[in-house]
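Before any comments, here is the structure.
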Amino acid sequence: MNDEERIKLESSWKERIGDYLQRPEMRALSEFLRAEKHNGKVIYPPGPEIFNAFAHTPFESVRVVILGQDPYHGPGQAHGLCFSVRPGVPAPPSLVNIFKEIQRDLGISPPGHGCLTPWADRGVLLLNAVLTVEQAQAASHQGKGWEGFTDAAIDALNREREGIVFMLWGSYAQRKGQLIDTRRHAVLKSVHPSPLSAHRGFIGCGHFSAANRYLEQNRQQPIDWSLPPREQLAG
C-alpha cells in the first residue's frame, strides 16, 4: 500500500501487521485499487475508512471478533465495519436479523438505525475478510490480496491474546476461523444472518449472551450490545 494508506492503520495494529502491507501482493493490491479508481470505478468504502475496523478497536481492546465477507456495495452504506451502515442508511436485511436475535437473546430492542460504531468502540472488532468492493459488484475484490492481510490480523489476535470470542456466521467466516486456537479463545458458529439462512439457526443461536458469559468467566467486562439512538451518533 502507499504511504498515505499505510498511515491510516491504527498504531497498535500497525506494530503487528504493518509489515504485511509491504508484501508484493499488497503492493499489487494497491496498484489494482489505483487503476480501478483511475478507470472511473467507484470503490467502497472511501479510502480513509478502509481500515476503520482497526481504528475503532485497537489490538489490546478486542474482546469479540465478528467476521464478515466484504463491504456493502450500495451508495453510502459501507464505512469500514462489517455489517454496519452509516447513520441514516436503512439497516440491510442481515443486520435486521442480527438485531432480531439480540432482541430475542437479550431483550434489547432494535435501535432504529444500522450504525455499529459503538460496538467497535467497546471492543467488538467488526472485520470483513475483504476490505474494499466495487459499487454494485458484490465480491468484486475477492482474491485480490485482502484475505491474507485480514488473516494476518486474526493470526496476531490468536497468538498474542487470550479469551477473545470469535463469532463465525456462515461457511465463509467459518473457513476463515480455522486459524483460531479453540483452547485459548471461544469460537461461536452459526449459519449466516442473511434472509436466506437466518431461520435455519441464526435466530436462536444465543451468541450474544454466550459471548458475555464467556467474557465474564474470563474476568472480562461483558459487551453492552445496546446502541444509542441515531441522534446521539456522530456523523
Side-chain angles (χ1 to χ4, degrees), residues 9-10 12-18 20 45 49-72 78-84 94-95 97-99 101-102 105-106 115-131 146-194 202 205-225 227:
L9 187 58
E10 187 274 338
S12 67
W13 285 103
K14 189 173 179 181
E15 181 183 326
R16 290 166 174 89
I17 58 174
Y20 196 97
E49 296 182 339
I50 289 172
F51 294 132
N52 240 4
F54 302 106
H56 283 277
T57 318
F59 187 83
E60 295 297 344
S61 300
V62 177
R63 288 181 282 157
V64 173
V65 177
I66 298 177
L67 283 178
Q69 196 155 344
D70 64 345
Y72 295 124
H79 63 129
L81 305 176
C82 75
F83 292 105
S84 181
S94 292
L95 183 53
N97 285 330
I98 291 170
F99 289 150
E101 174 55 17
I102 289 175
D105 190 19
L106 299 173
C115 180
L116 306 182
T117 302
W119 289 0
D121 293 335
R122 296 169 191 163
V124 182
L125 181 66
L126 297 168
L127 184 64
N128 278 313
V130 175
L131 300 186
W146 280 126
E147 292 91 343
F149 176 71
T150 52
D151 277 353
I154 294 166
D155 183 56
L157 287 169
N158 178 59
R159 286 183 295 100
E160 295 188 39
R161 297 282 313 280
E162 286 192 27
I164 292 173
V165 180
F166 290 84
M167 295 184 179
L168 307 181
W169 301 334
S171 57
Y172 187 93
Q174 288 167 24
R175 287 194 299 275
K176 189 100 169 157
Q178 290 170 359
L179 298 160
I180 300 158
D181 183 348
T182 55
R183 295 164 299 181
R184 294 164 57 89
H185 306 282
V187 175
L188 305 178
K189 296 181 181 180
S190 166
V191 298
H192 196 275
S194 80
F202 181 79
C205 69
H207 281 187
F208 302 95
S209 60
N212 281 352
R213 280 194 303 275
Y214 178 84
L215 291 170
E216 290 178 312
Q217 286 163 4
N218 285 272
R219 300 190 191 85
Q220 298 185 69
Q221 283 290 318
I223 300 293
D224 175 6
W225 293 105
L227 290 164

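Please read these numbers as outputs of a predicted model, since none were measured by experiment.
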Side-chain donor-acceptor pairs of residues 164-172 under 3.5 Å, sequence neighbours excluded:
| from | atom 1 | to | atom 2 | distance (Å) |
| --- | --- | --- | --- | --- |
| W169 | NE1 | H207 | ND1 | 3.0 |

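- Atom OG in S84 sits 9.0 Å away from atom NE2 in H56 (nearest 0.5 Å).
- With R63 contributing its side chain and L215 its backbone, the two residues share no donor-acceptor pair below 3.5 Å.
- By the 4.5 Å heavy-atom criterion applied to side chains, L157 and L125 are counted as neighbours.
- Residues satisfying the ring pair (Phe, Tyr, Trp, His ring centres under 6.0 Å) test with F54, not counting sequence neighbours, are W13, F149.
- Under 4.0 Å is where a charged nitrogen must lie from a carboxylate oxygen, and between E60 and R16 at least one such pair does.
- Closest non-hydrogen pair, S94 versus H192, comes out as OG-CE1, 3.6 Å.
- At least one side-chain heavy atom of F99 sits less than 4.5 Å from a side-chain heavy atom of L227.
- Taken from CD in E49 to CG in L131, the straight-line distance is 12.5 Å, to the nearest 0.5 Å.
- Counting heavy atoms of neighbouring residues, nucleotides and ligands inside a 6.0 Å radius, atom CD of Q221 does not exceed 12 of them.
- Between Y20 and A152, the closest heavy-atom pair is CD1-CB, 3.9 Å.
- Shortest non-hydrogen contact noted between A153 and L127 is CB-CD2, 4.5 Å.
- A pairwise comparison of heavy atoms in A78 and P71 identifies CB-CB, 3.9 Å as the closest pair.
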Handout entry: Candidate pair V64 and Y214, rule side-chain contact (heavy atoms from CB on, under 4.5 Å), full reasoning
Key = CA-CA 10 Å; V64 173; Y214 178 84; over 6 Å; no
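- A210 approaches L188 most closely through the heavy-atom pair CB-CD1, 4.2 Å.
- D105 places no side-chain N or O within 3.5 Å of a backbone atom of E101 that could act as its donor or acceptor partner.
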Exercise for the section: In sequence, state the C-alpha distance, the side-chain angles, and the governing distance for I66 and C82, and then conclude on side-chain contact (heavy atoms from CB on, under 4.5 Å). Expected result: CA-CA 8 Å; I66 298 177; C82 75; 4.1 Å; yes
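- Residue R122 is tested with T57, T117, D224 for a side-chain contact (heavy atoms from CB on, under 4.5 Å); the sole match is D224.
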Exercise for the section: Could you give me the CA-CA distance, side-chain angles and deciding distance for I223 and F208, then say whether side-chain contact (heavy atoms from CB on, under 4.5 Å) is met? Expected result: CA-CA 8 Å; I223 300 293; F208 302 95; over 6 Å; no
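- A donor-acceptor contact shorter than 3.5 Å links the side chain of N52 to the backbone of H79.
- A distance of 9.5 Å separates CD1 in I98 from CH2 in W225, rounded to the nearest 0.5 Å.
- Using a 4.5 Å heavy-atom cutoff, the side chains of I180 and V65 are not in contact.
- Under the salt bridge (charged side-chain N to carboxylate O under 4.0 Å, His left out) criterion, the residue pairs touching residues 163-179 are D151-K176, with sequence neighbours excluded.
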Practice task
Give the C-alpha distance, both sets of side-chain angles, the deciding distance and a yes or no for side-chain contact (heavy atoms from CB on, under 4.5 Å) between F59 and E15.
Solution key: CA-CA 10 Å; F59 187 83; E15 181 183 326; over 6 Å; no
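- Contact record, T182 with V187: CG2-CG2, 3.7 Å, taken as the closest heavy-atom pair.
- Remark: of the listed residues R183, H185, R184, R183 is the sole one forming a side chain to side chain donor-acceptor pair (under 3.5 Å) with D181.
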